[in-house]
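Worksheet: one structure, shown below.
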Amino acid sequence: MIRSLRGMNDILPPDNARFEYFLDTAASVAKRYGFTYIETPLLEETALFKRSVGESSDIVGKEMYQFTDKGDNDVCLRPEGTAGVVRAFVQNKLDRAGGIHRYFYHGPMFRYERPQKGRLREFHQFGCESFGVQSVYEDVTIIMMIADILGALGIGYRLKLNSLGDHNCMPQYREKLVGFLDAHEAHLCEDCLRRKATNPIRVLDCKNERCQIIYKKAPKLINNLCESCNSDFDTLKHLLEENGIVYEIDTHLVRGLDYYSKTAFEFVSDDIGAQSAIAGGGRYDRLVEFLDGRATPAVGFAIGIERLLELIAMPEASREGYYMGAMDTESLPQIMQLAKQKRMTQNVIVEYSPKSLKAHLKGADRIHARYCVVIGENERTEGKVWVKDLEAKTEAVIEAEAL
RNA sequence: GUGGGUGUAGCUCAGUUGGUUAGAGCACCAGUUUGUGGCACUGGGGGUCGUGGGUUCGAAACCCAUCAUCCACCCCA
């Protein structure tokens, strides 16, 4: 038997209903916030991700589905959504057009990782990207939008917040931190020594207890922000408070992708296992430039759809649609015609084998149909149909055209 | 990439210190006699016990390998 590849799943009932419900909900909220749908290719030039996500990240370093195509191009399946949207933004010269551009997207992402609960090799994200707004108010709006989406789905969460500084204060802080790490080099774990060289900010996220004890005394980025970063972060916090959004500051929140600056946030759930991040994002003011566009401030996020699925509170399923059947072979053609008519506006399932009324009712009930329509000999000779509303438990024999 | 757990019916799982035709519940199909659903009852279909070796008179069970899957580390959505 041929199986799907490891970490790549089919989405079947009943999860597909949740999946669809999530997309409907998220897209309609995003539209209310002025975002429009954008679709970009699943396959992109490898260089795009190297330059945006960053070579020091695990995603680019070891998790990409990368290969050479028949035209000898170095390509890979997208491991995340932002890079492609930014590429599209630049390629279509929207950076030069000026103004504000807001997009949302959804679709599969690919990362070659060892699968576990909440972590797949092919998974789906819903994300938004906003271009051209410098104001931290946009960051707040985006966070409120995620809260709206999660709220509409009945999903509880904790919001973690941090500021990563900008090209002004971050490099200075980095130096300060490296100085601190040099002073404690003898006591650091191997991973941290490696991180010190590649991406020193990441050491703060180290799970090693001995390292964490040391880092308690490490300089904190949040205390080393420049004036504008600091005041933006304050504004962000105040606005969130005023809008009733509870957050916690997590100075160790260092998004894994290199392009973030200033605002970084992560929505986590405590109910879904070790892979607890359900949404993450932040500001990436330099990324458009990195991808050869004109400097454009931007902020965005992505939601991991599979991680939400089991948390979604679905609206109660009600009886829906029609079940149609005949009691004798002669009546079957009429059922087919009735079904054709009704399908202009309604869901209709037709039972093709003639059977007793009782058996039809059983069948209609099993598929949760609202109405059971049956034609027997009596109805056929009179040009009528028998209809029962399985919810109201009422029934009637009516003219076929009146159905 | 590293560690641990688990593979028996469509699903959830039993299966005694190795013993004869491998079971249950749910689901599915059919029936319970005149044209009335959910309940109940009766019957039925469906399994090369993940795969390949080995030990044994005999393996679903014990051993080895392999594959798959799950969980965790790592990292992240």
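Lettering of chains follows the sequences in order, A, B, ..., and the numbering in each one begins at 1. None of the values given here were measured: they were computed from a predicted structure.
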Pairwise [atom1] distance for [N] and [M], with rounding to whole Å:
N	M	atom1	answer
B:C39	B:G25	P	16 Å
B:U66	B:G3	P	13 Å
B:C63	B:U56	P	16 Å
B:U12	B:G54	C1'	33 Å
B:C41	B:A27	P	11 Å
B:C74	B:G4	C1'	15 Å
B:C70	B:C29	C1'	33 Å
B:U34	B:U48	C1'	49 Å

For [X], which contact category applies under a 4.0 Å heavy-atom criterion: base, sugar-phosphate, or nothing?
X	value
A:Ile278	sugar-phosphate
A:Glu63	sugar-phosphate
A:Lys362	base

Complementary nucleotide of [N], counting Watson-Crick and G-U pairs under 3.5 Å:
N	answer
B:A24	B:U12
B:U32	B:A40
B:G18	none
B:A77	none
B:G3	B:C71
B:U66	B:G50

Rounded to whole Å, please give me the gap between [atom1] in [X] and [atom2] in [N].
X	N	atom1	atom2	value
A:Asp365	B:G38	CG	C1'	5 Å
A:Leu120	B:A72	CG	P	12 Å
A:Lys62	B:G1	NZ	P	11 Å
A:Ile149	B:A77	CD1	P	16 Å
A:His124	B:A77	NE2	P	16 Å
A:Arg3	B:G7	CZ	P	16 Å
A:Arg111	B:C76	CZ	P	9 Å
A:Lys355	B:U36	NZ	P	16 Å

Does the separation of the ring centres of A:Phe19 and A:His124 fall below 6.0 angstrom?
-> yes
Could you tell me if the ring centre of A:Tyr37 sits under 6.0 Å from that of A:Phe104?
-> yes
From [options], nucleotide with atom closest to [X] side chain:
X	options	value
A:Gln125	B:C28, B:G37, B:A77	B:A77
A:Arg114	B:C71, B:G35, B:U2	B:U2
A:Arg119	B:C29, B:A77, B:U36	B:A77
A:Gln116	B:C75, B:C74, B:G37	B:C74

Can you label the angle between the A:Phe180 ring and the A:Tyr215 ring as parallel, tilted or perpendicular, going by 30° and 60°?
-> tilted
Determine whether the side chains of A:Tyr371 and A:Gln346 contain a donor N or O and an acceptor N or O closer than 3.5 Å.
-> no
Is it true that the NZ or CZ of A:Arg121 lies under 6.0 Å from the centre of A:Tyr112's six-membered ring and within 45 degrees of the ring axis?
-> yes
RNA chain B nearest-nucleotide lookup for A:Ile303 and A:Gly273: closer to the 5′ end is A:Gly273
Toward the 5' end of RNA chain B, by each residue's nearest nucleotide, A:Arg6 or A:Gln275 | A:Arg6
What about A:Glu379, does its side chain sit under 3.5 Å from the base of B:G35 through a donor-acceptor pair?
-> yes
Any donor-acceptor pair under 3.5 Å between the side chain of A:Lys358 and the base of B:U36?
-> no
Salt-bridge contact A:Arg286-A:Glu289 (side-chain N to carboxylate O under 4.0 Å) = yes
Point-to-point distance, once rounded to the nearest 0.5 Å, from SG of A:Cys76 to CZ of A:Phe67 = 8.5 Å
Could you please spell out the steps behind the side-chain hydrogen bond (donor to acceptor under 3.5 Å, both in side chains) verdict for A:Asp328 and A:Ser331?
-> CA-CA 6 Å; A:Asp328 52 19; A:Ser331 306; 2.5 Å; yes
Kindly confirm whether the side-chain ring of A:Phe123 is stacked on the base of B:A77, judged by centres under 5.5 Å and planes under 30°.
-> yes
